[in-house]
Amino acid sequence: MFKASAQSVPESKPSTHGSNSRASNLEYPHRLNFYDKPPLFDVTLEEFERCALDRLRVLAEIESSQARGRSWDEIKTVIGDQCKKYLPLSATSAISVDRDSERRKDHLGHFVLRLAFCRSEDLRQRFIKAESTLFRLRYETDGAEERKEFLGTRDFKWIAVSTEEKKNYREQLLAAYQGFKNDTEKENAFKVDTFYKVKWTRVPDLVRKRKVFLKAGWAYVPGREQSSIVFQEFESELEKALLMTAKSLPRLDEDTRLLPVLNNLSQGFMAGVSSDWGGSGTEAEGDKITADMIDGYAKKHFPLCMRSMHSQLMRDHHLKHFGRLDYGLFLKRLGVSLEEALIFWRKSFMGGKVSDDKFNKEYAYNIRHSYGKEGKRADYPAKNCMQLLTGSSEYGCPLVSAYAPLGLQHSDLPEILHTKKETKFHLGCTRVFELTHASCGVKKGEGVGAGETVSHPNQYALRSIELEKAKDGKGTAMDVDS
């Protein structure tokens, strides 16, 4: 795994801005990290996976927010909440918090995900984009003094523009100086700002927005845009590191402990990593779902995956083994009792070639088994979206194979199909939920509540049922497209 070492962060050059006494006794002196050196300490396999999964939840939410067109302020709010929950990283001044423990988890999680996402160009680029966004968020929320000290530990190869040079190019520098309400405000800021020279290829975003003066291959960057140099450096270094990791990855092929974990992490990112959603079924809340209610519920409340299975069952009067298992566990979690489940499946199969005697002999046992009444009497959970997407069942997520837009307008399809093309199936399902529940007041970006994306079929169905209850309470009928 990772070898033990007394120091797990890169050696830093002495800060030119002085040192912070609060950081002098810390193993990780800074909240910000370029992840130059790998963690060199022993970890358990459980910690290895847990740190990576918590970080993955944050990165997946970043990608989801960007794909759904949230503003930067909205992203900062959503991701800030996610970080507090899964990946807290306190300021160096927060002496009452175990800062080293938080930063150790951050350090380890980043490098585990490097192993998982270095395998293809698509995964590398998605990882770089999400990690860069996370770094930018932390950079902007870091204290000014702590950020200044961190920058002083690295050589960004920028050259401070002298007062004389600034005076010589005053007109050109002012022309590229943007973001002010009036000339007076602009002039006052220009007088006190410090400019830096870097090769223009290091700040393509500023060049594209015409925020820098270019001369002889150099870009004159205002101090207020200094962060662009830092962000570009972070992305560049991370891209190089991922390519190096990809070359070393074949050495792990024989490690049967790590490869399954890494495979699950990369697949989880593609599928939209499962959240901690653990809502109870409606039965636990006092609402019984009978066999006769299932068909109506399927048309109004079920996600596409379960609605497709239900439609096939009603049409063919049969589902293959894994389809029956997935759909049966979904119904169980939703609140369908064993007795009602047996009635539903018997009735559904009787329309085909399955006699009552054959049903009792070949199918009833498996239904009772899934409810924990036979065999080892285990309480089997319903599969979440990640498990359906990465499983071997031929049913799974309909967005992966053949998309059947149930009840959607033609104008809605391009947006849904775009998420399929980019293999962001959880976002497509979330958008379907928003579109089919617009009459309940669900707006674009709200997802299944508070901006959360769909990560479990039961989460989708139960939220839909909740919306209907809320609407019924106001004396109006729910009009979910079917």
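Positions are given from 1 along the sequence.
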* To do: Verify the neighbour count for atom CE of M244: are there more than 12 heavy atoms of other residues, nucleotides or ligands below 6.0 Å?
  => no

* Asked: Picking from K347, K361, R346, what satisfies salt bridge (Lys or Arg N to Asp or Glu O under 4.0 Å) with D356?
  -> R346

* Euclidean distance, H369 NE2 relative to L325 CG, rounded to 0.5 Å -> 10.0 Å

* Asked: Below 4.0 angstrom, N of the basic side chain to O of the carboxylate: do R50 and D54 qualify?
  -> no

* R324 side chain vs L319 backbone, donor-acceptor pair below 3.5 Å -> yes

* **Any L45 side-chain heavy atom under 4.5 Å of L258 side chain** => yes

* Could you tell me whether the side chain of C385 reaches within less than 4.5 Å of the side chain of V454, counting heavy atoms only? => yes

* Asked: When you check the side-chain N and O atoms of S64 and H426, is any donor under 3.5 Å from an acceptor?
  -> no

* Asked: Is the backbone N or O of S348 less than 3.5 Å from a side-chain atom of H317, with the two atoms forming a donor-acceptor pair by type?
  -> yes

* **E452 with R463: basic N within carboxylate O range, under 4.0 Å** => no

* Count the heavy atoms belonging to other residues, nucleotides or ligands that lie under 6.0 Å from CD of E121, then report whether that count exceeds 12. => yes

* Asked: Would you say S464's side chain and Y460's backbone share a donor-acceptor pair under 3.5 angstrom?
  -> no

* Under-4.0 Å salt bridge between K129 and E63 -> no

* To do: Report the C-alpha distance between E233 and R154 in whole Å, list the side-chain angles of each, state the deciding distance to 0.1 Å, and finish with yes or no for salt bridge (charged side-chain N to carboxylate O under 4.0 Å, His left out).
  => CA-CA 11 Å; E233 182 81 0; R154 302 188 61 86; 5.0 Å; no

* **Salt bridge E61-R57, side-chain N to carboxylate O under 4.0 Å** => no

* Do T453 and R68 come within less than 4.5 Å of each other through their side chains, counting heavy atoms only? -> yes

* Asked: Are the side chain of Q459 and the backbone N or O of S455 linked by a donor-acceptor pair below 3.5 Å?
  -> yes

* So, does R103 use its side chain to make a donor-acceptor pair with the main chain of S90 at under 3.5 Å? -> yes

* To do: Using the six-membered ring of F330, assess whether NZ or CZ of R333 lies under 6.0 Å from its centre and within 45 degrees of the ring axis.
  => no

* Asked: Taking NZ, NE, NH1 and NH2 as the nitrogens, is one of them in R431 or E434 under 4.0 Å from a carboxylate oxygen of the other?
  -> yes

* Asked: Taking the side chain from D106 and the backbone from E102, do they hold a donor-acceptor pair closer than 3.5 Å?
  -> no

* **Other residues, nucleotides, ligands: >12 heavy atoms within 6.0 Å of E49 CD** => no

* Asked: Hey, are E340 and K288 close enough for a salt bridge, meaning a charged N less than 4.0 Å from a carboxylate O?
  -> no

* Asked: Can K332 and D379 be counted as an ion pair, charged N to O under 4.0 angstrom?
  -> yes

* To do: Check whether any side-chain N or O of H110 sits under 3.5 Å from a backbone N or O of E131 as a donor-acceptor pair, and report yes or no.
  => no

* With no hydrogens and no angle check, is any side-chain donor or acceptor of R138 less than 3.5 Å from a backbone partner on L32? -> no

* To do: Flag this pair as yes if the NZ/CZ of R147 is under 6.0 angstrom from the six-membered ring centre of Y139 and inside a 45 degree cone about the axis; otherwise no.
  => yes

* Heavy atoms, side chains only, cut-off 4.5 Å: are R31 and T141 in contact? -> yes

* Asked: Okay, side chain of D316, backbone of H318: is any donor-acceptor separation there less than 3.5 Å?
  -> no

* Asked: For the rings on F234 and F34, is their centre-to-centre separation under 6.0 Å?
  -> yes

* To do: Give a yes or no answer on whether the side chain of H107 reaches the backbone of K37 with a donor-acceptor pair at less than 3.5 Å.
  => yes

